[in-house]
4 protein chains.
Amino acid sequence: MVNKNVLNAMAETIKPLGKKTVKQEQILDAAITLFAEKGYSNTSTAEIAEVAEGTIFKQYGTKENLLLSLLVPFIKDFLPVMADELVKELMNDDISFEEFLRSLFKNRTAFFLENREVFQIFIKELIYREDLKNELLPYIIENASSGFIKVIEIFQKRGELVDKEPEFILKTLSTVISGFFISRFVLLNRHSISDEEIDGITFSILNGIGKVDSITT
Amino acid sequence: MVNKNVLNAMAETIKPLGKKTVKQEQILDAAITLFAEKGYSNTSTAEIAEVAEGTIFKQYGTKENLLLSLLVPFIKDFLPVMADELVKELMNDDISFEEFLRSLFKNRTAFFLENREVFQIFIKELIYREDLKNELLPYIIENASSGFIKVIEIFQKRGELVDKEPEFILKTLSTVISGFFISRFVLLNRHSISDEEIDGITFSILNGIGKVDSITT
Amino acid sequence: MVNKNVLNAMAETIKPLGKKTVKQEQILDAAITLFAEKGYSNTSTAEIAEVAEGTIFKQYGTKENLLLSLLVPFIKDFLPVMADELVKELMNDDISFEEFLRSLFKNRTAFFLENREVFQIFIKELIYREDLKNELLPYIIENASSGFIKVIEIFQKRGELVDKEPEFILKTLSTVISGFFISRFVLLNRHSISDEEIDGITFSILNGIGKVDSITT
Amino acid sequence: MVNKNVLNAMAETIKPLGKKTVKQEQILDAAITLFAEKGYSNTSTAEIAEVAEGTIFKQYGTKENLLLSLLVPFIKDFLPVMADELVKELMNDDISFEEFLRSLFKNRTAFFLENREVFQIFIKELIYREDLKNELLPYIIENASSGFIKVIEIFQKRGELVDKEPEFILKTLSTVISGFFISRFVLLNRHSISDEEIDGITFSILNGIGKVDSITT
DNA sequence: GATGAATGAGGATTCATTCAT
DNA sequence: CATGAATGAATCCTCATTCAT
């Protein structure tokens, strides 16, 4: 597992959390809103600091560091549930894969809704910056893959998933899940997701949109 | 159908096409490469104009206009095949939906590969700019929907697609297709897509990843 | 004698000496080291105050005043020995001019070595600031001249110095002595001066570098 | 001979000379005057650019580079005459060392008067910046030493200089010469040097200030 | 008395755009 | 038409100084 400490390295450069002053909170909130709306590059530090611009730099050193200060906690929260903790959620009961998938969508939807703006910033910056992409994407993929592959294998044994390579199933899942969240929260800037929509995408992932008796494989 | 003339409005502001001089081509090429690599905001006109910066403004008026000058032809090419012309492709023979879907993926893959960089620019700017998003997205969705809904209804009549609302099927298709291309070409910056990958995603869309006899609907 | 009270005026603006707290000592020490190394302009008060920046301003009012607070005691120590006290050192015994000169060099070398950093700050700021230069240089020159001229006249009477205008001899001495200390301690940042070097420059000042029997005067 | 190409390295980073536009000349002139008067650190680029600040950066890239652009030509002119070309000046006739020394002072005085402000900038920056000092001083010393040592040896053979180590004589000369020019042009900001003053320092260097028949060595 | 967060004026630098040649 | 020097507003960042705790 390469680059395991990318996030730790990033985390070390940012301000220790918890010690936030009122001003710091104001800055972070303004930064999140503006970065999400207009993007990091198109937001000036003058806009973020409603009062004194210098305060930003006293607190965060650089504009870049301010960005990391709001991204790192998000990523640290965002990753685990994509992997190890996900397995735990499964172990304690014998839910079906459909239930598992639906609860995954609901859980992540809730998380992204809570962090909608930071998620937007994350995706937007990820797309723009080669460095972030090269450092984080492999790490995220690696991190998420290991947990998911296990889950897929478990459900294959239970006979709930097609007998294809787990990697094939993972690829399909990644494409649909990432497509679902990115299109809803980043492209369409949705502020809510209905249960029906989650049920719908869960159904489609499991059953496909083809009629069962017409499958031409 | 709202905003039908968004593109025409955009097109009118840009230089008439076809009259491209050598200089213009140089500028366009450099702009495409740089915008795709670093993003519009992070590319300066000085970088684009290897020689005379003034030429850009003589030719395109503003940097914004240079961006539109390379996006508009792409969008004009990109949209039709998502809609009307797609239907024509269907009419003349009685291919299965699977074949239709596969050829759609292949066709769009070829198109995006040919215009990989402009596609990246398009998506990146779409994500970043509220204005572009608000003007283009509804138009694209509208435009693509009408054609697709017809196709879906045709295949439903032929019994190849599940008996759900065409809009439901369209939503699934949009999510997966947009997810597929954005993840491959923008997030992962792929330079090629294998036939196996297309076969794979086509299969998954049609059949899902659940085992047929375990479907819990 | 113009500007006789330049130093007193400067001294009045600064904190009364002797009452130095631990904190003040820390600040002064840090300031001396940093000012000497990087110069006054290139040292920020944040660097000087390892802990609380406010303390500097509580103690010294302004950064400028902190500079004066460390320069004034140095200048007050530095000047007298160049003048009056120098004469006293002569009166009680009948040393030769060579011995006098050598002991002057040794005395000043010891003093500058003890205050190497403050001497560097003094010269660097003197060179940079027209105001300091215009206020201090005439005062220093005046102050030092009067004492030295007396000494020179004494030694001329004893027949140990050439029969030129005392002002001429003073000018030569000033040039060489200032050149010696500035080149060693400021330009070359020497941390020690050997006795041989002092003997050498003393010899050259007295005898010149020309061969006695070839003098073309 | 180490660092022989320090200057070349510096020279490569700066704008090629000769292509100066009117604006560039204005900027250089303003920069020289202001840097000499207030020092590099205390001069803002806004002050230098009477019209558009951006022009400085279009032309010189950075403020630092502007400094080098005016220092490098000076240093390139300043160094040679301290060394090799000096020897040539000697070869063609059999002047006495006194005449040589006087003409050296006159030559350098004329040069420094012509470049008074740049010389001030040079010395002021040399004193302040460790990096410049560490790179240039050894180079200058090396460069000047080799030429001077030869000259000293020639005159020692002619019996015009004391029979001490050439290095000893060089050290004395360096101290007095650098002291002379730095005190006159940098500390005292003189705008002219009289022939009498040059004759005086030349005399003192050669004969010393001690009375010949009282030498106690 | 000490602290350090907050301040805001000022500084170096960037960059889209203009215009004289 | 093409050029590239000149522009100046805007940007990120620094820093001496203030002030509430």
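A quick note: this is a predicted structure, and the numbers were derived from the prediction, not measured. Numbered from 1 within each chain, the chains take letters A, B, ... in sequence-line order.
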- line: So CZ of C/Phe74 and CG of C/Leu68: to nearest 0.5 Å the spacing works out to 14.0 Å
- request: With rounding to the nearest 0.5 Å, note down the distance linking CG in C/Leu34 to CD1 in C/Ile121.
  value: 9.0 Å
Would you please confirm or rule out a distance under 4.0 Å between OP1 or OP2 of [N] and any side-chain N or O of [X]?
| X | N | result |
| --- | --- | --- |
| D/Gln59 | F/dG4 | no |
| D/Thr55 | F/dT7 | yes |
| D/Gln24 | F/dA5 | no |

- prompt: Nearest nucleotide by nearest heavy atom, which residue falls closer to the 5' end of DNA chain E, D/Thr62 or B/Gly54?
  reply: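 The residue whose closest nucleotide sits nearer the 5' end is D/Thr62.
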message: On DNA chain E, compare the nucleotides closest to B/Glu64 and A/Ala52; which residue's is nearer the 5' end?
response: A/Ala52
message: Could you report the tightest heavy-atom contact between B/Lys63 and B/Phe35, atom names first, then the distance?
response: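 That would be CE-CE2, 4.3 Å.
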query: What heavy-atom pair brings A/Ile56 and A/Thr45 nearest, and what distance separates the two atoms?
result: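 Distance-wise, the nearest heavy atoms are CD1-O, 3.4 Å.
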For atom [atom1] of [X] and atom [atom2] of [N], their distance in whole Å:
| X | N | atom1 | atom2 | answer |
| --- | --- | --- | --- | --- |
| C/Phe57 | E/dT7 | CZ | P | 17 Å |
| A/Ile56 | F/dC12 | CD1 | P | 9 Å |
| B/Lys58 | E/dA20 | NZ | P | 11 Å |
| D/Gln26 | F/dA6 | CD | P | 9 Å |
| D/Leu28 | F/dA5 | CG | P | 15 Å |
| A/Lys23 | F/dA20 | NZ | P | 14 Å |
| A/Glu53 | E/dA9 | CD | P | 11 Å |
| C/Glu25 | E/dA2 | CD | P | 13 Å |

Carboxylate-amine/guanidinium contact C/Lys124 C/Glu117, below 4.0 Å: no
query: Is the shortest distance from a Lys or Arg side-chain nitrogen in A/Glu64 or A/Arg129 to a carboxylate oxygen in the other one below 4.0 Å?
result: yes
query: With ring centroids as reference points, do A/Tyr40 and A/Tyr128 lie under 6.0 angstrom apart?
result: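 A/Tyr40 vs A/Tyr128: aromatic centres not under 6.0 Å.
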- line: Dot-bracket assigned to DNA chain E with the 3.5 Å Watson-Crick/G-U criterion, [ ] for crossing and | for other-strand pairs, is .||||||||||||||||||||
query: Taking for each residue the nucleotide of DNA chain F bearing the nearest heavy atom, is the 5' side occupied by A/Lys63 or by C/Gly61?
result: A/Lys63
task: Output the residues of residues 39-50 of chain A in contact with DNA chain F, where contact means a heavy atom of the residue under 4.0 Å from an atom of the strand; sort by number or write none.
output: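 Of all residues in residues 39-50 of chain A, the ones placing a heavy atom under 4.0 Å from DNA chain F are A/Thr43, A/Ser44, A/Thr45.
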task: Could you go through the side chain to side chain contact (heavy atoms under 4.5 Å, CB included) check for C/Gln120 and C/Asn189 one step at a time?
output: CA-CA 9 Å; C/Gln120 288 182 357; C/Asn189 194 23; 2.6 Å; yes
message: Before you tell me yes or no, could you show the steps for D/Glu130 and C/Lys38 under salt bridge (Lys or Arg N to Asp or Glu O under 4.0 Å), namely the whole-Å CA-CA distance, both residues' side-chain angles and the distance that decides it to 0.1 Å?
response: CA-CA 8 Å; D/Glu130 286 308 301; C/Lys38 320 173 19 176; over 6 Å; no
